[in-house]
Peer 1: 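This structure is in structure tokens; I'll ask about it shortly.
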Amino acid sequence: MRRVFSGARPTGRQHLGNYLGALQNWITLQDQYHCVYCIVDIHALTTLTETDKLQDNIREMLLDWLAVGLDPQKSILFIQSHVPEVMELHTLLSMVTPLSWLLRVPTFKEKARIQPQNVNYGLVGYPVLMTADIVLYKAEVVPVGEDQLPHLELAREITRRFNNFFGNTFPEPEAKLTPFPMVLGLDGKEKMSKQLGNHIELALSDEETEKKVMTAVTDPARRYRRDPGHPEVCNVYRLHGFFNLNNLDDIAIQCRQAAIGCVECKKILVNSINNTLQPFREQRAIIATKPEYIIDVINDGAKRARIIARETLSEVKQKMKLV
Ligand code: SF4
């Protein structure tokens, strides 16, 4: 089977955007590829100055990953810093990466603008570490959203450059565009994100989910219950598209005819979200009572990842005449 690599920052409890935009796809890929899924805690340090919550975030995230269906029997699930070979490879790859390539990366410029007090070396070297993450496992496929394509292209350029200098070593990782579109947050404007506070966590209770959904922005032109709505501009309607596919046409007709109010429409959405997530929430509660199981999963993941990582690193050092 071809190998897939994907990673995510330790942001703690996962939200609907993470689930619909990435995790659902990762779960499907487990049956078609040899998947390596990583919580990239070192990457998080490029923007984090306080690390007090780092371990809690990792634990909460892993709980969600396992409960949602990432299967440690099928995939390697591990934490980036538990495989220190990635840092060594990062240093070696940095020797073939022109600084000008890194300085022109739009996300670097954006991060430097957002945190001018902390424009650290890790921030500019981020794409090199990301390349090391992927090629350390000789991954051929990387599931990405359209917005991440430029990052992967840079990883491919760094890979090509290394292969040109030192001989064919790594496969050039290909993008596998995720079939799931970007999920907008409750504000209906920005991508769902924890930082923006426009998210709905998967692990919320039914009541908490209802409270959140009730705050969602709908069609701004529909000011009164009697006003006909425009589902095509309403984010609640978009969310129905994920959780209530069978009733989508009915909801659109009723909205346009003002036969349904936004509160009622949101309540239908709340029920669908809660019904869909009920098995996940039950599973999460069970796994949460077994902290030793989570530790076993990440230790085993790191062990399996390191076997591949050591082999790759040894080949790289030989190619670079470091051995
Ligand atoms: S009825 Fe539903 S789809 Fe129509 S505007 Fe209100 S929330 Fe959106």
Side-chain angles (χ1 to χ4, degrees), residues 8 11-28 60-61 64 67-69 143-148 177-285:
T11 50
R13 286 177 167 207
Q14 302 288 273
H15 54 66
L16 291 185
N18 303 131
Y19 175 62
L20 299 167
L23 292 172
Q24 259 193 352
N25 190 32
W26 289 11
I27 294 161
T28 311
E60 292 291 322
M61 194 161 165
D64 281 346
V68 90
V144 286
E146 294 236 11
D147 53 336
Q148 295 158 320
L177 273 176
T178 163
F180 302 100
M182 183 171 79
V183 181
L184 294 183
L186 293 169
D187 52 11
K189 287 184 195 151
E190 306 282 350
K191 188 173 172 177
M192 190 175 279
S193 115
K194 250 186 176 175
Q195 257 176 345
L196 297 172
N198 63 1
H199 63 295
I200 302 173
E201 287 174 359
L202 303 177
L204 292 182
S205 67
D206 289 1
E207 296 71 30
E208 289 167 331
T209 305
E210 178 165 3
K211 261 193 196 164
K212 280 273 189 176
V213 172
M214 287 302 161
T215 66
V217 173
T218 63
D219 169 12
R222 193 173 185 202
R223 295 176 59 204
Y224 300 104
R225 167 73 176 75
R226 63 175 182 274
D227 295 338
H230 306 85
E232 63 281 0
V233 299
C234 174
N235 194 37
V236 170
Y237 183 71
R238 270 185 224 118
L239 288 170
H240 273 293
F242 296 117
F243 293 97
N244 214 355
L245 201 54
N246 292 340
N247 297 323
L248 209 53
D249 292 345
D250 273 358
I251 290 169
I253 292 167
Q254 291 189 53
C255 171
R256 287 198 181 97
Q257 295 174 348
I260 188 174
C262 291
V263 171
E264 200 185 332
C265 184
K266 286 177 177 178
K267 284 195 169 156
I268 298 170
L269 177 63
V270 169
N271 280 338
S272 308
I273 294 175
N274 285 338
N275 286 339
T276 306
L277 294 182
Q278 192 193 354
F280 155 80
R281 289 170 179 167
E282 286 171 4
Q283 185 63 12
R284 192 183 201 277

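Each ligand, and each atom within it, is numbered from 1 in the order the structure gives. Here the structure is a predicted model, which is why all the values come from computation and not from measurement.
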Peer 1: At less than 2.8 Å, would any N/O/S atom of Cys262, backbone or side chain, sit next to atom 8 (Fe) of ligand 1?
Peer 2: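 Checking atom 8 (Fe) of ligand 1 against Cys262, no N, O or S atom falls under 2.8 Å.
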Peer 1: Check whether any side-chain N or O of Asn25 sits under 3.5 Å from a backbone N or O of Ala22 as a donor-acceptor pair, and report yes or no.
Peer 2: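 No; judged by distance alone, with no hydrogens or angles, the pair does not exist.
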Peer 1: Between His15, Arg13, Arg284, which is the residue that forms a side-chain hydrogen bond (donor to acceptor under 3.5 Å, both in side chains) with Asp64?
Peer 2: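 When His15, Arg13, Arg284 are each tested with Asp64, the side-chain hydrogen bond (donor to acceptor under 3.5 Å, both in side chains) holds only for Arg284.
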Peer 1: Quick check on contacts: which atoms of ligand 1 are under 4.0 angstrom from a heavy atom of Tyr237?
Peer 2: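 This gives 3 (S) as the contact atoms.
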Peer 1: To the nearest 0.1 Å, how far is atom 4 (Fe) of ligand 1 from its closest protein heavy atom, and which atom is that?
Peer 2: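 So the nearest neighbour among protein heavy atoms is Cys255 SG, 2.3 Å.
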Peer 1: Nearest 0.5 angstrom please: Ser272 OG to Ile268 CD1, how far?
Peer 2: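 Rounded to the nearest 0.5 Å, the OG-CD1 separation comes out at 7.5 Å.
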Peer 1: I'd like to know if the side chain of Arg225 reaches the main chain of Cys262, judged simply by a donor and an acceptor atom lying under 3.5 Å from each other, with no hydrogens or angles considered.
Peer 2: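 Not at all, since once roles are kept as given, no pair shorter than 3.5 Å links the two residues.
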Peer 1: Between the side chain of Asp219 and the main-chain N/O of His230, is any donor-acceptor distance below 3.5 Å?
Peer 2: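 Pair found, side chain donor or acceptor close to backbone of His230.
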Peer 1: Under 2.8 Å from atom 6 (Fe) of ligand 1, is there any N, O or S atom belonging to Cys265?
Peer 2: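 No - counting backbone and side chain alike, Cys265 has no N, O or S atom under 2.8 Å.
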Peer 1: Show the numbers, then the answer: is there a side-chain contact (heavy atoms from CB on, under 4.5 Å) between Gln254 and Cys265?
Peer 2: CA-CA 9 Å; Gln254 291 189 53; Cys265 184; over 6 Å; no
Peer 1: In ligand 1, which numbered atoms sit nearer than 4.0 Å to a non-hydrogen atom of Asp219?
Peer 2: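 Once the distances to Asp219 are compared, the set is 5 (S).
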Peer 1: Looking at atom 8 (Fe) of ligand 1, what's its closest protein heavy atom, distance included?
Peer 2: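 For atom 8 (Fe) of ligand 1, the nearest protein heavy atom is Cys234 SG, 2.4 Å.
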Peer 1: Which residue supplies the protein heavy atom nearest to atom 1 (S) of ligand 1, what is that atom called, and how far is it?
Peer 2: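 Atom 1 (S) of ligand 1 sits closest to the protein heavy atom Arg222 NH1, 3.1 Å.
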Peer 1: Can you tell me which residue and heavy atom of the protein come closest to atom 7 (S) of ligand 1, and the distance to 0.1 Å?
Peer 2: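 In this structure, atom 7 (S) of ligand 1 has Thr218 CG2, 3.5 Å as its nearest protein heavy atom.
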Peer 1: Quick check for you: to the nearest 0.5 Å, what is the distance between Asn271 atom CG and Lys267 atom NZ?
Peer 2: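 Answer for the CG-NZ pair, Asn271 versus Lys267, is 9.5 Å.
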Peer 1: Can you name the atoms of ligand 1, numbered from 1 with element, that are less than 4.0 Å from a heavy atom of Val236?
Peer 2: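 What qualifies from ligand 1 is 7 (S).
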